[in-house]
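In what follows, a structure is listed as structure tokens, so that the remarks can point back to it.
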Amino acid sequence: MKTESKLILTFLGCVFILFWILNTLTPASLQDDIAYKFAWTSIGRADLTKPIHSIGDVIVSQYYHYFYQNGRVVPHVLMQIFDGVFPKWVFNPINALAFCSLILLIVKVATRRLSLLHISITLFAILFFSPSFDETMLWMAGSFNYLWSSVFALIYLLIIQNIWNKNITIKYVLLSPIIIVLVWINEAAVIPIGMVLGVYMVFQVKSIYKKAVFPFVLILLFGATLTVFAPSTLSRLGATDSTDTRITLSVMIMERIKTFIVTIFELRIFWFLVVGLSITWFWKRNIFKNYIHSSWLLLAVSMSSLLVYFLCAKHYPRVRFTSEIFSLVAFLALFDKYKFSKLTNSVLLSVSNVLSLGLILPILYYSWINYEDYKYCEKQLMQPGKTLILTRANQIPSFFDQYVMQYVDFATPRVWYFACVNSPENAALYGKPEIHFFPENLYFDILYHPAKYHKFNSTSNCRLYAKQLSNGEKINDITYILDKDEVEKPR
């Protein structure tokens, strides 16, 4: 084995262990991680009276999930298997393996080979520039929808690269249906690839049927159709929200244009790609031409992924994840075209690794604090009759909040609090009539300084807010805004 191969294995082994630890220190959140322990039924959501016990339960659950929730069948089948059938400790090392696979696939798809420098730069870029690390890498529901979907999409691209110049044979026709497990995934991952290869098929209509990629592209388009045109996906687009089609369409388009523009300027890796392309065009025209000739598919997929922001109209940071991964692949392919000296490569390698380690260590520390808070909550949850659970989750600094998937999220620490977060899923899980989580510091502050607070009613899901005022601030007036659901559903 070559020296660099040994270094790569050692490096990835360390990454695997560190990420395994991070996953172990990340408890199931009060979000989908708990809900997916229960089966979806004809009621259109998770039925808290029917916990998942077997793969058979998962299959039935995903049938209803496809019609009521979304069309990402493969990620959510895996999600419910690992969440409902197996304990979380089984998921932890497998998710760490998926993270290492993502790094390797980004490098392999971008450069067609593996090098320690490219692997180190990829890890650095993911840690510092990929959006919402906690929700896309550590949160169980998020990891299947974003990390794993990106891994599947990159495996598909790697297969396409390997058979691009080959002619079609019966072998490829018979193997292509298996690809459905790689493409019936997150629409953000499959739509860009489908668009690019679909357009390519149109331009190559006279000869495409002779190529080995032909059946694989057909399966990709089929998988994308199953995902995008699932009844649940279409209903979430808001097409049936109003009987006035003209108003609905105009509002929908304006919202999507606004989201598209805002999201574009929140991207990070994408703009590194744009700057790199611009510099290469002006000063290294030969490299630019070579890049376009060899990596046009990767660049086209990266650019096409921006369309997802228009279609989605969601402004969550995790929505940008897959697009940023495609941009990272395209950027790394461009970076690989430049030939640097050994000294420059050594400096880049050292700096990227030092910075990555410098970020990982505090992430581990605050993940441990989060895990301790989870154990503190779990100890209270095991007490019979206890329904008010105190949590210390607000100890995580705001910067590291994007890296630590908190068990109970009270929004921005120390500024806004959900004074009471109701968790019916957790209540069902622990056999309690209800469970409410409350920040411990706010609880004792109210307990020992009651004159500072007033009592307010809350909605049925207990969304009561409290704000800490800075010195010199005062309340001039209070306006009560009734939620639409609260008005239309009399009590």
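Quantities reported herein were computed from a predicted structural model and do not represent experimental measurements.
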Quiz item: Which is it for L182 and I159 under the side-chain contact (heavy atoms from CB on, under 4.5 Å) test, yes or no, and what are the steps along the way?
Solution: CA-CA 11 Å; L182 299 178; I159 293 173; 4.1 Å; yes

Measure from the side-chain N and O atoms of [X] to the backbone N and O of [Y], and report whether any donor-acceptor pair falls under 3.5 Å.
{"X": "T24", "Y": "W20", "value": "yes"}
{"X": "N162", "Y": "L158", "value": "yes"}
{"X": "W164", "Y": "A212", "value": "no"}
{"X": "K88", "Y": "N23", "value": "yes"}
{"X": "T111", "Y": "K108", "value": "no"}
{"X": "E135", "Y": "G142", "value": "no"}
{"X": "N95", "Y": "M137", "value": "yes"}
{"X": "T344", "Y": "F340", "value": "no"}
{"X": "S295", "Y": "I292", "value": "no"}
{"X": "Y66", "Y": "T227", "value": "no"}

Answer yes or no: is there a side-chain heavy-atom contact under 4.5 Å between [X] and [Y]?
{"X": "I126", "Y": "I106", "result": "yes"}
{"X": "P27", "Y": "Y407", "result": "yes"}
{"X": "Y291", "Y": "T280", "result": "no"}
{"X": "L226", "Y": "F222", "result": "yes"}
{"X": "E4", "Y": "I8", "result": "yes"}
{"X": "I179", "Y": "L220", "result": "no"}
{"X": "L138", "Y": "L25", "result": "no"}
{"X": "V183", "Y": "Y156", "result": "yes"}

In Å, rounded to the nearest 0.5 Å, how long is the span from [atom1] of [X] to [atom2] of [Y]?
{"X": "S352", "Y": "L357", "atom1": "OG", "atom2": "CG", "value": "11.0 Å"}
{"X": "S150", "Y": "I155", "atom1": "OG", "atom2": "CD1", "value": "11.0 Å"}
{"X": "Q161", "Y": "R112", "atom1": "CD", "atom2": "CZ", "value": "4.0 Å"}
{"X": "F133", "Y": "L127", "atom1": "CZ", "atom2": "CG", "value": "5.5 Å"}
{"X": "Y146", "Y": "T136", "atom1": "OH", "atom2": "OG1", "value": "9.0 Å"}
{"X": "L97", "Y": "L102", "atom1": "CG", "atom2": "CG", "value": "11.5 Å"}

Would you call the rings of [X] and [Y] parallel, tilted or perpendicular if under 30° counts as parallel and over 60° as perpendicular?
{"X": "F86", "Y": "F82", "value": "tilted"}
{"X": "F288", "Y": "W281", "value": "perpendicular"}
{"X": "F129", "Y": "F124", "value": "perpendicular"}

Quiz item: Salt bridge check: are R268 and E324 linked by an N-O gap of less than 4.0 Å?
Solution: no

Quiz item: Salt bridge or not for R113 and D336, using N-O below 4.0 Å?
Solution: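 Looking at R113 and D336, the cut-off is met.
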
Practice problem: Carefully, step by step, assess T263 and L306 under the rule side-chain contact (heavy atoms from CB on, under 4.5 Å). | Solution: CA-CA 9 Å; T263 305; L306 303 180; over 6 Å; no

Quiz prompt | Verdict with supporting geometry, F214 and Y209, ring-ring contact (aromatic ring centres under 6.0 Å, His included) | solution = CA-CA 6 Å; F214 179 58; Y209 66 92; 7.2 Å; no

Quiz prompt | Contact list for residues 87-114, test ring pair (Phe, Tyr, Trp, His ring centres under 6.0 Å), sequence neighbours left out | solution =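 Non-adjacent pairs meeting ring pair (Phe, Tyr, Trp, His ring centres under 6.0 Å): F19-F99, F91-F144.
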
Practice problem: Using the side-chain hydrogen bond (donor to acceptor under 3.5 Å, both in side chains) rule, take Y403 and S367 through it: C-alpha gap first, then chi angles, then the decisive distance, then the call. | Solution: CA-CA 8 Å; Y403 295 101; S367 295; over 6 Å; no

Exercise. Mind listing the closest non-hydrogen atom pair of I168 and P215 along with its distance?
Key: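 Result for this residue pair: CD1-CD, 3.7 Å.
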
Exercise. For I269 and A125, work out which heavy atoms get closest and say how close.
Key: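 Closest approach of I269 to A125: CD1-O, 4.3 Å.
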
Practice problem: Could you walk me through whether S120 and N353 pass the side-chain hydrogen bond (donor to acceptor under 3.5 Å, both in side chains) test, one step at a time? | Solution: CA-CA 6 Å; S120 299; N353 286 338; 3.1 Å; yes

Exercise. Among V90, V58, D57, I59, find the one that has a side chain to side chain contact (heavy atoms under 4.5 Å, CB included) with I81.
Key: V58

Practice problem: Would you please say whether a donor-acceptor pair under 3.5 Å links the side chains of S132 and Q402? | Solution: no

Quiz prompt | K337 and S294 side chains, donor-acceptor separation under 3.5 Å | solution =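 Looking only at side-chain atoms, K337 and S294 do form a donor-acceptor pair, the distance falling under 3.5 Å.
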
Exercise. Just do the side-chain hydrogen bond (donor to acceptor under 3.5 Å, both in side chains) check on N145 and N186 with the steps written out, would you?
Key: CA-CA 6 Å; N145 278 282; N186 190 329; 4.9 Å; no

Please check if atom [atom1] in [X] has more than 12 non-hydrogen atoms from other residues, nucleotides or ligands closer than 6.0 Å.
{"X": "Y63", "atom1": "OH", "answer": "no"}
{"X": "K284", "atom1": "NZ", "answer": "no"}
{"X": "K342", "atom1": "NZ", "answer": "no"}

Quiz item: Knowing that exactly one of D33, D32, D134, T26 qualifies, which makes a side-chain hydrogen bond (donor to acceptor under 3.5 Å, both in side chains) with W139?
Solution: D33

